[in-house]
*Asks:* 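Below: one structure in C-alpha cells.
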Amino acid sequence: ATAEHRGDGVDRRNAHHERSARERSEREAGMRAFEPPPDEEGAVEHLSASVVLAAVEESGPNYLLPKAPEPVKSRRKRLRVDEAYYIRPKLPVTHTHAHI
C-alpha cells in the first residue's frame, strides 16, 4: 500500500510556488515594457580577419614575435655548465688538471 502524506505544509508549498511564478511573470512583463529600443551605435559590426590584422601593430609593447625553441642538445649543455658553476667548489685550474 502506498502512503501519501497530505499535511498543511504541502498546501503552503504549492501556494508559495504559485505565488512565486505569478510574481516572476509580472516582473518579466514589467522588464519587457521598459526595454530600450536597439541602439544603432551599439550594433555589432562584422569585419574580416584581414582588416583586424591590418590594424594590429606588430612592434607594440603587447606583441612579441615567437622565439624559436632552444635545441635540446645545447639546452642540456647550458644546464650542465650552469650546474657545475653553482654546485661544484671553485678549484684553481692549471691547463688540464685541477689542484686540490
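Computed from heavy atoms alone, side chains included, the values below leave out hydrogens, waters and symmetry copies.
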*Asks:* What closest approach, in Å, do Glu70 and Arg78 show between heavy atoms, and which atom pair accounts for it?
*Replies:* OE1-NH2, 2.9 Å
*Asks:* How about CZ on Arg76, more than 12 heavy atoms from neighbouring residues, nucleotides or ligands closer than 6.0 Å, or not?
*Replies:* no
*Asks:* Between Ser20 and His16, is there a side-chain heavy-atom distance shorter than 4.5 Å?
*Replies:* yes
*Asks:* Evaluate Arg19 against Arg22 for side-chain contact (heavy atoms from CB on, under 4.5 Å), listing each step before the verdict.
*Replies:* CA-CA 5 Å; Arg19 188 174 54 250; Arg22 186 176 57 250; 3.5 Å; yes
